[in-house]
Amino acid sequence: MPHNVIIQTYPQLLELYGPRGWWPLSACNGYHPNDYSFPKTASQRFEICVGAILTQNTAWTSVETALDNLSQLHALTPAALLACDDQVLKTAIRSTGYYNQKSAYLKTMAAFFHDCKARTPTREELLQLRGVGEETADSILLYAYQQPFFVIDAYTRRVFTHLGVNEGKESYRVVQKRFHDALEPLYQGQERILVYQEYHALIVEHAKRNHSGKQKQ
DNA sequence: AACCAGGACGTGA
DNA sequence: TCACGTCATGGT
């Protein structure tokens with residue numbers, strides 16, 4: 001039963017690696033294991049949204065460099081990023097690659113959150129933004145807005161294909177529904193958020209340590 | 001020196 | 001829907 005594998009792998013990974021403390025934020029110098037009170041400010045929330053765009057198909061170390069540059073430019077608020085010169089913005093995020101696309105994506109998102117203010121965006125609203133696909137939307141919803149959407153990324157697909165849960169070619173929503181259906185009965189409310197956040201982070205940790213693709217467990 | 005990294009989008013079957 | 005090319009830098 002695929003659901004049992006999904007259910008049982010979480011405590012195993014948690015035992016193996018311990019809490020990961022995602023999403024990394026510059027305010028707490030990166031990760032914050034066992035502290036689920038983040039983000040604490042609108043600025044930190046926006047930093048997560050920016051990071052979610054910048055990390056697309058890109059190593060997180062490259063994103064840290066870019067976020068550092070943006071922070072020094074004081075551009076980590078919607079209004080400030082909107083006012084940022086395009087060339088300056090591209091130079092700041094250069095390390096993350098795709099800087100022509102990503103600079104435009106960031107401005108689109110900045111405009112959206114500038115209008116959105118403190119309101120929690122819907123998944124549909126996020127998906128309408130250029131540069132925000134399903135994974136990025138769910139990352140923003142789960143880590144910036146504490147909404148129960150399990151993030152399905154390349155690591156998740158790889159790990160659970162090896163565990164026999166997937167074939168590997170299923171659509172995003174099919175894979176996500178398997179996680180939701182398996183985990184929803186066990187975890188409710190704030191605990192569900194916590195588990196979705198930790199589980200995804202643990203999957204990434206596990207996949208990174210077995211990057212040749214031969215994890216068993 | 002290929003190959004991959006916490007994907008999304010446009011296009012043509 | 002689905003497969004494929006494109007976008008681009010940085011580390012191994």
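Within every chain, numbering begins at 1; the chains are lettered A, B, ... in the order of the sequence lines, protein sequences first and strands thereafter.
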Calculate the interatomic distance between [X] atom [atom1] and [N] atom [atom2]; express it in whole Å.
X        : N     : atom1 : atom2 : result
A:Tyr99  : B:dA5 : OH    : P     : 22 Å
A:Glu205 : B:dG6 : CD    : P     : 11 Å
A:Phe149 : B:dG6 : CZ    : P     : 24 Å
A:Arg209 : B:dG6 : CZ    : P     : 14 Å
A:Lys102 : C:dT9 : NZ    : C1'   : 9 Å
A:Leu54  : C:dA8 : CG    : P     : 13 Å
A:Leu89  : C:dT9 : CG    : P     : 15 Å

Residue pairs involving residues 76-95 of chain A (criterion ring pair (Phe, Tyr, Trp, His ring centres under 6.0 Å); sequence neighbours excluded): none
Short side-chain N/O contact to C:dC2 OP1/OP2 from A:Lys169, under 4.0 Å: no
B:dG6 OP1/OP2 closer than 4.0 Å to side-chain N/O of A:Arg158: no
Does [X] have any salt bridge (charged side-chain N to carboxylate O under 4.0 Å, His left out) partners at least two apart in sequence or in another chain, and if so, which?
X        : result
A:Glu64  : none
A:Arg157 : none
A:Lys40  : none
A:Arg173 : none

Positions of residues 175-182 of chain A (non-hydrogen atom under 4.0 Å from DNA chain C), listed by number: none
Distance-only polar pair, side chains of A:Glu198 and A:Tyr36, donor-acceptor under 3.5 Å: yes
When the [atom1] atoms of [N] and [M] are considered, how many whole Å apart are they?
N     : M     : atom1 : answer
B:dA1 : C:dC7 : P     : 23 Å
C:dC4 : B:dC4 : P     : 16 Å
C:dA8 : B:dC3 : C1'   : 14 Å

Same apolar cluster: A:Ile48 and A:Leu82, side chain cutoff 4.5 Å: no
Residue mapping more 5' on DNA chain C - nearest nucleotide basis, A:Ser95 or A:Ser171: A:Ser171
What pairs meet the side-chain hydrogen bond (donor to acceptor under 3.5 Å, both in side chains) rule with one or both residues in [range], with sequence neighbours excluded?
range                       : result
residues 88-97 of chain A   : A:Lys90-A:Asn100
residues 182-195 of chain A : none
residues 65-88 of chain A   : A:Asp86-A:Lys107

Touch class at under 4.0 angstrom, heavy-atom based, for A:Lys208 against every strand present: base
Under 4.0 Å protein heavy-atom contact, by nucleotide of nucleotides 7-13 of chain B - B base, S sugar-phosphate only: BSSS---
Within residues 26-38 of chain A, residues whose heavy atoms come under 4.0 Å of DNA chain B: A:Tyr31
Per A:Ala59 side chain, nearest of listed nucleotides B:dA5, C:dT9, C:dT1: B:dA5
A:Trp60 over B:dG6, stacked by centroid distance under 5.5 Å, angle under 30°: yes
Cation over ring face, A:Arg45 and A:Tyr145, 6.0 Å, 45°: yes
side-chain hydrogen bond (donor to acceptor under 3.5 Å, both in side chains) partners for A:Gln101, two or more places apart: none
